[in-house]
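Here's the structure we're looking at; comments come further down.
Values reported hereafter were calculated over all heavy atoms of this structure, with side chains retained and with hydrogens, waters and symmetry mates removed. All chains are named by letter (A, B, ...) in the order of the sequence lines, taking the proteins before the strands, and each is independently numbered beginning at 1.
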Amino acid sequence: MTPLRAVKGMNDVLPDEVGRWQRVERVFARTVSLHGFREVRTPYVEPTALFVRAIGETTDVVEKEMYSFEHHDDSLTLRPEATAGAVRAYVEHGVQAREPVTRWWYAGPMFRAERPQRGRYRQFYQVGAEIFGDEGPGCDAELIDMLAGFLGELAVPGVEVLVNSLGGAEARARYRDALVEYLTPRAASLSAESQRRLQGNPLRILDSKDERDRTAVREAPTLDAFLDAGDKEHFEKLRSHLDALGTPYSVDTRLVRGLDYYSRTLFEIKGAHEKLGAGSTLVGGGRYDSLVADLGGPKVPAIGFAAGLERLLIASELQATARATDAVVLPIGAAAMSSALLLARDLRREGIRCEADTRGGSLKSQLRRANALGARVVLILGESELAEGMVQVKDLDAHTEERMVRAQVPRIVLDRLSAASRTIDSEPP
RNA sequence: GUGGCCGUAGCUCAGCUGGUAGAGCACUGGAUUGUGGCUCCAGGUGUCGCGGGUUCGAACCCCGUCGGUCACCCCA
């Protein structure tokens, strides 16, 4: 019988690694809550039509990367990103009627049927946030600065912030026409893929890595010339806010991104290429001022971003070092087992992470195991201790040992541990 | 979807020009009666990814297949 395996591109995260995941998630949750964001949880499955309408029919995500399936008469899709669902929920619950500005954050798995490679999986995890009802550019700058700070806290080296402005819908349409007009006579010199894009999604030719496309695009008209006065002012203000905040960034006029809903502000944050390989984009985001209305809601401007957890974990130099346990109770001899279980329970009631060595065996082997577990304190319960109502308390770090009255043990152990700041609550953020 | 590389114990890998397999780590027990981390001793497992071919004989050569990985495309 062939053993069952995890689905390609969908990975287990074993407990040894989960510590780092939790650490990144905690830092993120703290960061966004300091900025007034509240968590929202939306379904992993949405109507297929939501993504087609929000992300765009001609995008790669919609054309070939969605996990879609039919169920009775519904076409459903595992979410490839979370903004569409958040906007759907925002509209569905009429949130704009209750509050002028809404700040939401989320974390969870996304699904895209791509060929897996480093930092890119079919089930992957994102943290992200959305602001509804603020047309910026102050909050645009706030978000970018917040993310720069977040990556700093995660000890991510080589951070690079790229910004661009796509303009509003009209400016984008004008530019699109001009670009098609410029490229059509040169179509023969484009890559096959870009020749196809010329019809459906010409803007994406701009950030192609193909040499032929880069050459063809070099002298092409640039987007900034097509921005209207409002777009320009928005972008200028964003830049001056970022300058005032001292957040380093660079303008990349070829930055386009693959989702159709963006308008005006667009940004991307990259980490060190040596670590991340081809998938060096850590965060992608931008403004989507017409998406809420496009999905049947009111005219509410919005901006958001998403960051890839796996990539943050590759890039971050933070280590997880929390101990699994504070104390271990060692029963010596079968007669001591139930007393050990009881003592362990009493310790837990003080908030001490504690386990009893339920496998038994010699004192030596139990001590070895306790040491391997990273326990600070070991409580020995043998024949003589049981007879006298005492416990032998051994501090593995301090190499000290002392016999004490059983009833006092939980308190004393707690004091010892908090003096060494080793309890659950003292873990790093 | 396309291409490169790889596939030997739980993990990291060794195995010379073909003679059916090893190390380190990890794990478990022990080094005189109840005391860890260091050291020493002992212990186990492999359908050598799978299937076929060549050969007296294949982990090693050939073909196929599956899996992994990296890159392209695109993205987080």
_Let me spell it out: for each of A:Lys64 and A:Tyr262, pick the nucleotide of RNA chain B with the closest heavy atom. Which residue's pick is nearer the 5' end?_
A:Lys64

*asked:* Suppose we screen for salt bridge (charged side-chain N to carboxylate O under 4.0 Å, His left out). Which residues come up paired with A:Arg115, at least two apart in sequence or across chains?
replied: none

*Spacing of the C1' atoms in B:U35 and B:G30 (rounded, Å)*: 15 Å

*Expressed in whole Å, how much space separates the P atoms belonging to B:G36 and B:U28?*
16 Å

*asked:* Just to verify, what does A:Tyr125 make a ring pair (Phe, Tyr, Trp, His ring centres under 6.0 Å) with, not counting sequence neighbours?
replied: A:Trp21

*asked:* Work out how far the P atom of B:G19 is from that of B:G3, and round it to whole angstrom.
replied: 35 Å

*Considering only the P atoms, how many Å lie between B:C40 and B:G24, rounded to the nearest integer?*
11 Å

_Tell me whether A:Glu383 at atom CD has more than 12 heavy atoms from other residues, nucleotides or ligands lying less than 6.0 Å away._
no

*asked:* Give me the distance, rounded to whole Å, that separates B:C56 from B:U45 when you measure between the P atoms they each carry.
replied: 33 Å

*asked:* Taking only the P atom of each, what is the distance from B:U54 to B:C62 in whole angstrom?
replied: 15 Å

*Whole angstrom value for the distance that separates P of B:C11 from CD of A:Glu17*: 14 Å

*Can you name the side chain to side chain donor-acceptor pair (under 3.5 Å) partners of A:Glu355, sequence neighbours left out?*
none

*Does A:Tyr90 have any side chain to side chain donor-acceptor pair (under 3.5 Å) partners at least two apart in sequence or in another chain, and if so, which?*
none

_Those residues that, when tested against A:Ser362, pass side chain to side chain donor-acceptor pair (under 3.5 Å) (two or more places apart)_ = A:Ser365

*Select base, sugar-phosphate, or nothing to describe what A:Val283 touches, counting heavy atoms under 4.0 Å on all strands.*
sugar-phosphate

*asked:* Regarding A:Ala306, tell me which of base, sugar-phosphate or nothing describes its non-hydrogen contacts under 4.0 Å with the strands shown.
replied: sugar-phosphate

*Verify the neighbour count for atom CZ of A:Arg41: are there more than 12 heavy atoms of other residues, nucleotides or ligands below 6.0 Å?*
no

*Round to the nearest Å and state the distance from A:Glu114 atom CD to B:A71 atom C1'.*
14 Å

_Quiz item: cation-pi between A:Arg186 and A:Tyr182, 6.0 Å / 45°_ = yes

*Name all residues meeting the ring pair (Phe, Tyr, Trp, His ring centres under 6.0 Å) criterion together with A:Tyr249; count only those two or more places apart in sequence or in a different chain, and write none if there are none.*
none

Using residues 129-151 of chain A as the side-chain source, report each donor-acceptor pair under 3.5 Å to any protein atom, sequence neighbours left out, with the distance given to one decimal.
unit_1: A:Glu130; atom_1: OE1; unit_2: A:Tyr288; atom_2: OH; d: 2.3
unit_1: A:Glu130; atom_1: OE2; unit_2: A:Thr83; atom_2: OG1; d: 2.8
unit_1: A:Asp134; atom_1: OD1; unit_2: A:Gly136; atom_2: N; d: 2.9
unit_1: A:Asp140; atom_1: OD1; unit_2: A:Arg287; atom_2: NE; d: 3.3
unit_1: A:Asp140; atom_1: OD1; unit_2: A:Arg287; atom_2: NH2; d: 2.5
unit_1: A:Asp140; atom_1: OD2; unit_2: A:His234; atom_2: NE2; d: 2.8
unit_1: A:Asp140; atom_1: OD2; unit_2: A:Thr265; atom_2: OG1; d: 2.7
unit_1: A:Asp140; atom_1: OD2; unit_2: A:Arg287; atom_2: NE; d: 3.1
unit_1: A:Glu142; atom_1: OE1; unit_2: A:Arg103; atom_2: NH2; d: 2.8
unit_1: A:Glu142; atom_1: OE2; unit_2: A:His35; atom_2: ND1; d: 2.7
unit_1: A:Glu142; atom_1: OE2; unit_2: A:Arg103; atom_2: NH1; d: 2.9
unit_1: A:Asp145; atom_1: OD1; unit_2: A:Thr247; atom_2: OG1; d: 2.7

_Dot-bracket for RNA chain B, please. Rules: Watson-Crick or G-U, both distances under 3.5 Å, ( ) within the strand, [ ] when a pair crosses earlier ones, | for another strand, . otherwise._
(((((((..((((........)))).(((((.......))))).....(((((.......))))))))))))....

Show me the protein contacts with nucleotides 66-69 of chain B, counting only N or O atoms at under 3.5 Å.
unit_1: B:G67; atom_1: O2'; unit_2: A:Arg5; atom_2: NH2; d: 3.4
unit_1: B:G68; atom_1: OP2; unit_2: A:Lys8; atom_2: NZ; d: 2.7

*asked:* What's the gap between B:C41 and B:C25 when it is taken at their P atoms, as a whole Å value?
replied: 11 Å

*In whole angstrom, give me the gap between the C1' atoms of B:A71 and B:A9.*
31 Å

*With the sugar-phosphate defined as primed atoms, P, OP1 and OP2, and the base as all remaining atoms, what B/S/- string results for nucleotides 26-36 of chain B, 5' to 3', for protein heavy atoms under 4.0 Å?*
--SSBB--BBB

*Under the ring pair (Phe, Tyr, Trp, His ring centres under 6.0 Å) test, residues paired with A:Phe111 that sit two or more places apart*: none

_Sequence-distant partners of A:Arg369, side chain to side chain donor-acceptor pair (under 3.5 Å), two or more places apart_ = A:Asp357

*Whole-Å distance between B:A71 P and A:Glu274 CD?*
13 Å

